[in-house]
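Just so we're on the same page: letters track the sequence lines, and every chain starts at 1. All values below were derived from every heavy atom in this structure, side-chain atoms included, with hydrogens, water molecules and symmetry-related copies excluded.
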Amino acid sequence: MAKNITPRSKDYSQWYLDVVREAKMAEHSPVRGCMVIKPTGYAIWEFMQGALDRMFKETGHQNAYFPLFIPKSFLSKEAQHVEGFAKECAVVTHSRLINSENGVEVDPASKLEEELIVRPTSETIIWDTYRGWIQSYRDLPILINQWANVVRWEMRTRLFLRTMEFLWQEGHTAHATEQEAVEETERMLNVYRTFAEEYMAMPVITGLKTESERFAGAVETYCIEALMQDGKALQAGTSHFLGQNFAKAFDVTFQDRDGELKHVWATSWGASTRLIGGLLMTHSDDNGLVLPPKLAPTQIVIVPIWRNDDEQALVLDYARAIYRELADKGIRVKLDDRDQYKPGWKFAQHEVEGVPLRVAVGPRDVENGNVEAARRDTLEKQIMNRDEFVQSAVTVLDRIQADLLARARKFVDDSTRHVDTYEEFRQVIDDKGGFIYAHWDGTAETEARIKEETKATIRCIPLEYDSGAGSCMVTGKPSAKKVLFARSY
RNA sequence: CGGGGCGUAGCGCAGCCCGGUAGCGCAUCUGCUUUGGGAGCAGAGGGUCGCAGGUUCAAAUCCUGUCGCCCCGACCA
C-alpha cells in the first residue's frame with residue numbers, strides 16, 4: 001500500500017530508514033554521521049521537550065546553559081569519566097582559517113594554547129562552575145537542567161538512534177546528602193518512565209546498569225529500557241547517581257550545619273533525540289509513521305473532497321466549521337485544503353506521516369451531516385455523525401493514546417521470556433530476540449562472555465521485578481535474582 | 001578499522017560486461033479533463049555521468065589513483 005517503504009519483514013533496518021525519509025523526519029547531512037532534522041521531526045522533538053520540560057519544572061528544576069566547549073584539562077579530572085569518553089571526542093585545535101590557492105586552510109599560527117573539547121556531556125564544566133556557586137548547605141540543592149547539543153565521535157551511526165551530534169537535555173544536580181541525591185536520581189528515572197509511557201506510549205523496564213554498562217564516572221546508573229518491534233532493546237533514558245566523584249575531582253565542598261566541610265553529592269540525567277527513533281520503532285507499521293496523539297504535531301487532519309467549485313465552497317464551509325470546533329477544544333487540527341493534490345494522495349501522505357486521526361468530508365457528508373473518521377493506528381474507517389464526532393474527538397484521541405500503549409505493552413509482554421539454562425538462552429536470543437530474564441552470577445567476566453558469545457547484553461538489573469534467588473545460567477554460581485538481557489541498539 | 005554496496009537530472013534507477021550523439025520512472029512547469037484511497041492525456045524544462053590522471057580517432061563504459069556516502073560488524077545515548 002505505501003509506496004517506497006520496505007516492509008519490516010523484509011528488511012527492518014531499511015524499513016526504519018524508509019519511514020524516516022517518507023515521513024520527512026530527517027535526512028543525512030553532508031557531514032558523515034550527522035543529520036538534518038526536518039520540520040516534522042523537529043516538531044516531535046519540540047513536543048517531547050515541552051512535556052519533559054514541564055515535568056522537570058514541576059520537580060523543582062530550572063534551565064540554564066553551559067558552554068559547548070570544554071577545556072581539555074577538565075576532562076582529565078575524573079579518571080573514570082575521561083576513560084569513558086576519551087575515544088569519542090571532537091577536539092578544537094585552531095581558531096582561524098586563511099585563504100590559499102587550494103581554498104581555505106587552517107592557519108597554523110592560530111593554534112590554541114589549550115585545546116577545547118566539544119562537549120560529549122557537561123559534567124566537567126558544570127562541576128567546575130558549581131564549585132563557585134556552593135559554599136554552604138544553604139546553597140543546596142542545585143537543581144539545573146540544560147537543553148543542548150553534544151558530540152560523540154561515533155564509528156557507526158543511524159538516524160536519530162546514534163548520530164555524532166545529537167540534541168538532548170542533561171540535568172545536573174548537587175545535594176547535601178547521599179540520600180537526597182539518590183532520591184533525586186530515582187525521581188528523575190520515574191519522570192522518564194512516566195514520560196515514556198504517558199506521552200510516547202512506549203512501555204519501559206526500569207533498572208540499574210551493571211558496572212560495565214554504567215556511565216563513566218557514576219556510582220550507579222539507572223535506566224529505562226524499551227523494546228523495539230524487531231526484538232532489540234533501546235536504552236531510552238538514564239539517570240546517574242554520581243556520588244561524590246565529581247565533587248572530589250572538582251573540589252566542590254560546602255560547610256554543613258555541623259560546621260564541617262563536606263563534598264557535595266551529585267546526580268545527572270539525560271534523554272536525547274534518540275527517543276524519536278524509539279518512538280518510531282515502537283508504533284510504526286509498513287504504511288509509515290504512527291504517532292501517539294500527545295506527541296503528534298498534527299492530531300487530526302481534515303481532508304475535504306469536492307468535484308467542482310460549488311462543491312468546494314460547500315465542503316470547505318462545512319470543514320472549516322469542524323476545524324474551528326476541534327481547535328476550540330485544544331486539538332491540534334489541520335485542514336488540508338490544498339487543491340493541487342487529490343484526496344487519495346492526501347490520505348496516503350498523512351498516513352505515512354503518522355497523523356493519528358483523519359477526517360474526510362465530501363458532498364455526501366455535508367448532505368447527511370456526517371464525517372468519515374479514520375484511525376491511523378488501526379486503519380479503521382467509520383462514518384459518524386458530525387456533531388458526535390466533534391463531541392467525541394478528544395476521547396477518541398485519548399483512546400488511541402491508550403490503545404497504542406496497551407498494544408506496545410502486549411508486544412513487550414509477548415516478547416519477554418524467562419530462561420534457566422544457557423542453552424535455552426542462546427536459542428531464544430537467536431530465534432526470537434526480545435527481553436530475556438535469566439540468572440547471572442554478578443561477575444563482569446560472565447557478562448562479557450555472554451556478550452561475546454551471543455551479542456546480548458545485560459540491559460539492566462530490574463527494579464520492579466524480583467524472580468527470587470537462583471543460580472547463574474552460565475556458571476551455576478549463586479544469583480540473587482534474574483537480570484534482563486537483550487540484544488540492543 | 002574490517003566486510004559488502006553505491007556515486008549518472010531534485011529523488012529512485014537503467015546503461016558499463018561487449019567504448020560510438022545520455023535514457024527510464026517519480027517529481028517539476030504549461031494546458032485541458034479530473035477529485036470518496038497515491039488521476040489521465042498532450043507538451044516542456046532539467047545531467048561538466050563523484051573527482052583526477054591514463055589508454056583510444058572516440059570513455060558514463062576500459063585502466064590507475066583518489067574522495068565521499070550508505071549498509072553489515074567491533075565501540076556507544
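Looking at heavy-atom distances under 4.0 Å, A:Ser488 makes no contact with the nucleic acid at all. Among the heavy atoms of the strands, none lies under 4.0 Å from A:Lys209. Within 4.0 Å (heavy atoms only), A:Glu372 reaches at least one base atom of the nucleic acid. Looking at heavy-atom distances under 4.0 Å, A:Phe166 makes contact with a base. At a threshold of 4.0 angstrom between heavy atoms, the contacts of A:Glu154 include nucleobase atoms, whether or not backbone atoms are also involved. Contacts of A:Gln349 with the nucleic acid, taken as non-hydrogen atoms under 4.0 Å apart, include base atoms. Across all strands, A:Asn308 comes closer than 4.0 Å to no nucleic acid atom at all (heavy-atom distances). Heavy atoms of A:Lys346 sit nowhere under 4.0 angstrom from any nucleic acid atom. The residue A:Thr273 sits apart from the nucleic acid: no heavy atom pair falls under 4.0 Å. A:Leu161 comes within 4.0 angstrom of a nucleotide base, judged by non-hydrogen atoms across all strands.
Under the 30°/60° scheme for interplanar angles, the aromatic rings of A:Trp147 and A:Trp45 are found to stand perpendicular.
Put simply, CD on A:Glu27 is 10 Å from P on B:C11, counting in whole angstrom units. Rounded to whole Å, atom P of B:C70 lies 8 Å from atom CG of A:Leu159. For the pair A:Asp336 CG and B:G38 P, the interatomic distance rounds to 16 Å; values are reported in whole Å. Atom NZ in A:Lys451 sits about 5 Å away from atom P in B:C75, given to the nearest Å. Atom pair A:Arg156:CZ and B:A74:C1' shows a separation of 11 Å (rounding to whole Å applied). The nearest whole Å value for the distance from the CD1 atom in A:Ile305 to the P atom in B:U34 is 17 Å. When the P atom of B:G37 is taken as reference, atom CZ of A:Arg307 falls 12 Å away, rounded to whole Å. One interatomic measurement links the two molecules: CD1 of A:Ile302 to C1' of B:G36, which rounds to 16 Å at whole-angstrom precision.
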Let me have a per-nucleotide readout for nucleotides 27-33 of chain B, 5' to 3', with B, S or -, counting only protein heavy atoms under 4.0 Å. -------
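Spacing between B:U8 and B:G47 at atom C1', rounded to whole Å, works out to 8 Å. Comparing B:G20 with B:G15, their P atoms sit 14 Å apart, to the nearest whole Å. When the P atom is compared between B:G46 and B:G7, the two are found 25 Å apart, to the nearest whole Å. Comparing the same atom, C1', in B:G45 and in B:G31 gives a spacing of 15 Å after rounding to whole Å. With both ends at atom C1', the span from B:C11 to B:C16 equals 22 Å, rounded to whole Å. B:C57 and B:U48: their P atoms are spaced 27 Å apart (whole Å). For the C1' atoms, the distance from B:G50 to B:C6 is 11 Å, rounded to whole Å. The gap from the C1' atom of B:G73 to that of B:A27 amounts to 37 Å, rounded to the nearest Å.
A:Phe85 pairs by the ring pair (Phe, Tyr, Trp, His ring centres under 6.0 Å) definition with A:His81, A:Phe215, not counting sequence neighbours.
With both pairing distances under 3.5 Å, B:U34 is matched to nothing as a Watson-Crick or G-U wobble pair. Pairing of B:C1, defined by two Watson-Crick or G-U wobble distances under 3.5 Å, is identified with B:G73. Summarising the base pairing, B:U56 is matched to no nucleotide, lacking a Watson-Crick or G-U wobble pair whose two defining distances lie under 3.5 Å. Nucleotide B:G43 forms a Watson-Crick or G-U wobble pair with B:C29, both donor-acceptor distances falling under 3.5 Å. Nucleotide B:G12 forms a pair with B:C24, judged by Watson-Crick or G-U wobble geometry with both contacts under 3.5 Å. Summarising the base pairing, B:C6 is matched to B:G68 through a Watson-Crick or G-U wobble pair whose two defining distances lie under 3.5 Å. Using Watson-Crick or G-U wobble geometry with both donor-acceptor distances under 3.5 Å, B:U61 finds no partner in any strand shown.
For A:Tyr16 (side chain) and A:Leu280 (main-chain N/O), no donor-acceptor pair under 3.5 Å exists by modelled atom type.
Aromatic ring centroids of A:Trp440 and A:Tyr422 lie 6.0 Å or more apart. Taking the six-membered ring for Trp and the full ring otherwise, A:Trp345 and A:His350 have centroids separated by 6.0 Å or more. Aromatic pair A:Phe485/A:Phe435: ring centres not closer than 6.0 Å.
Counting heavy atoms of neighbouring residues, nucleotides and ligands inside a 6.0 Å radius, atom CD of A:Glu211 does not exceed 12 of them. Heavy atoms of other residues, nucleotides or ligands lying less than 6.0 angstrom from CZ of A:Arg307 number 12 at most. Residue-environment remark: CD (A:Glu183) exceeds the threshold of 12 foreign heavy atoms within 6.0 Å.
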ring-ring contact (aromatic ring centres under 6.0 Å, His included) between A:Tyr130 and A:Phe250, intermediate numbers included: CA-CA 9 Å; A:Tyr130 281 1; A:Phe250 286 86; over 10 Å; no
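In this model, a side-chain donor or acceptor of A:Lys381 finds a partner on the base of B:G37 within 3.5 Å. Not a single donor-acceptor contact under 3.5 angstrom links the side-chain atoms of A:Arg21 to the base of B:G12.
Among the nucleotides B:U35, B:G37, B:A74, the one closest to any side-chain atom of A:Trp306 is B:U35.
Residue A:Ile383 is the one, among A:Ile383 and A:Gln235, whose nearest nucleotide of RNA chain B lies closer to the 5' end (criterion: closest heavy atom). Judged by closest nucleotide on RNA chain B, A:Arg158 is the one of A:Arg158 and A:Leu234 placed further toward the 5' end.
At B:G40, none of the side-chain N or O atoms of A:Lys342 fall inside 4.0 Å of OP1 or OP2 (strictly under the cut-off).
Ion pairing between A:Lys57 and A:Asp53 holds under the 4.0 Å rule for side-chain N and carboxylate O.
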